[in-house]
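Labels below follow one simple rule: chain letters A, B, ... track the order of the sequence lines, proteins then strands, and each chain is numbered from 1.
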Protein chains: 2
Amino acid sequence: MARSRLTPQRESELYQAVIDLLGEVGYDGLTMDAIAARSHSSKATLYRQWGSKPELVAQSLRHHEPVRIAEIDTGTLRGDFHEMVARTDDCRMEKDSAMMRGLAHAIGDNPELLQALRELLIEPEVTGLGQVLRRAVERGEVAADNPALDLVPHMMIGAVVARPLIEDRPVDQAYLMTYVDAVVLPALGV
Amino acid sequence: MARSRLTPQRESELYQAVIDLLGEVGYDGLTMDAIAARSHSSKATLYRQWGSKPELVAQSLRHHEPVRIAEIDTGTLRGDFHEMVARTDDCRMEKDSAMMRGLAHAIGDNPELLQALRELLIEPEVTGLGQVLRRAVERGEVAADNPALDLVPHMMIGAVVARPLIEDRPVDQAYLMTYVDAVVLPALGV
């Protein structure tokens, strides 16, 4: 599909506007009008270039680059997890968490959207965690048959989603560091 | 407020209809029309007895009884967790999880609704878990200063919310049992 009508920078601003609006009004409340207004584009441009709201949202998720976990390699598992948390600033964490809440219901009836969320945000995280953990197993830090190995993505994503439900506080680095030290590493026997 | 116009059984059916619809269409998509149709009530009755959608949803959550965790006391922490999971059947887990997704975005802009969700579903769970854990500390199964003690609600609620995001499978008892044995108990040093 030709995307030549917007410069890469304008395209990038537009995708960010979609991610921000998802966090503010949720998927159901997200309108092409609101996206056009926030990104100073015309609705005609949006429809011409992306065809539909689900496509535009999926493309915005694709553009929303996850933290590159797999390249983190400090030499210890504790160091790798701490570096992972340190690379995600608190503001980004709050925006991502708002966006996830905004998508939470919509993915129930848009299999296409759940698929996009999985491929673009969750699978890279699962794959990256898998590489960090594989290296820890190779170094002998974690037993290869430790049953918690497959559940690390559930622990990490669960920690992010659960906190705003339980406490009246957003997720931040201090909380995630505590969670890594108190839950993730002990479960892995480190 | 007088609630005399519906029998307790009709009221109970109506609350269940609200919970089911929340899971199916989400909070934003939930209309008084749909609730009236599903529960075979008139909209006039709904408005007369509950005033507004947020009030009716909060009241339905209040009626949606959580598993009574605090009364579980098998004599070991592992036994208590397994009993907790065993008391929540898979169908109930799937409905609760759909309802949580349906509420996820709405609680972002309805502080009243988040408050209701916290008081009615989350706090009883946190309190119940606290009592189960306190007994484990008293028995000497868990060190009183274990830093994972405060994070058990985050682990459990996170496990429930994270699975459908990561895997193409709903939460079930087998998954939760594995999670308890591989993550929760090792983090607590059991």
- So which bits of residues 140-152 of chain A come within less than 4.5 Å of chain B, counting non-hydrogen atoms only?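 So the qualifying residues are A:P147, A:A148, A:L151.
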Please rank [options] by heavy-atom pairs under 4.5 Å with chain A and give me the top one.
options                        : answer
B:V161, B:I166, B:D181, B:V184 : B:I166
B:V160, B:I157, B:L165         : B:L165
B:G189, B:P164, B:G29, B:G158  : B:G158

Contact part of [X] toward chain B, heavy-atom cut-off under 4.5 Å: side chain, backbone, both or neither?
X      : value
A:L117 : side chain
A:Y27  : neither
A:E24  : backbone

- Query: In Å and rounded to the nearest 0.5 Å, what is the OH to CE distance from A:Y179 to B:M155?
  - Reply: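 If I round to the nearest 0.5 Å, the distance is 6.0 Å.
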- For A:E167 and B:R118, which heavy atoms make the closest approach, and how far apart are they?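 That would be O-NH2, 3.0 Å.
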- Is the number of heavy atoms from other residues, nucleotides or ligands under 6.0 Å of A:Q9 CD greater than 12?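 Not more than 12 within 6.0 Å, no.
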- Item | Heavy-atom proximity to chain A below 4.5 Å, by part of B:V183 |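 The answer is both parts of B:V183.
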- Message: Going by the rule salt bridge (charged side-chain N to carboxylate O under 4.0 Å, His left out), which residues pair with A:D28 if we only count those two or more places apart in sequence or in a different chain?
- Response: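 Scan of A:D28 (salt bridge (charged side-chain N to carboxylate O under 4.0 Å, His left out), adjacent residues dropped) gives none.
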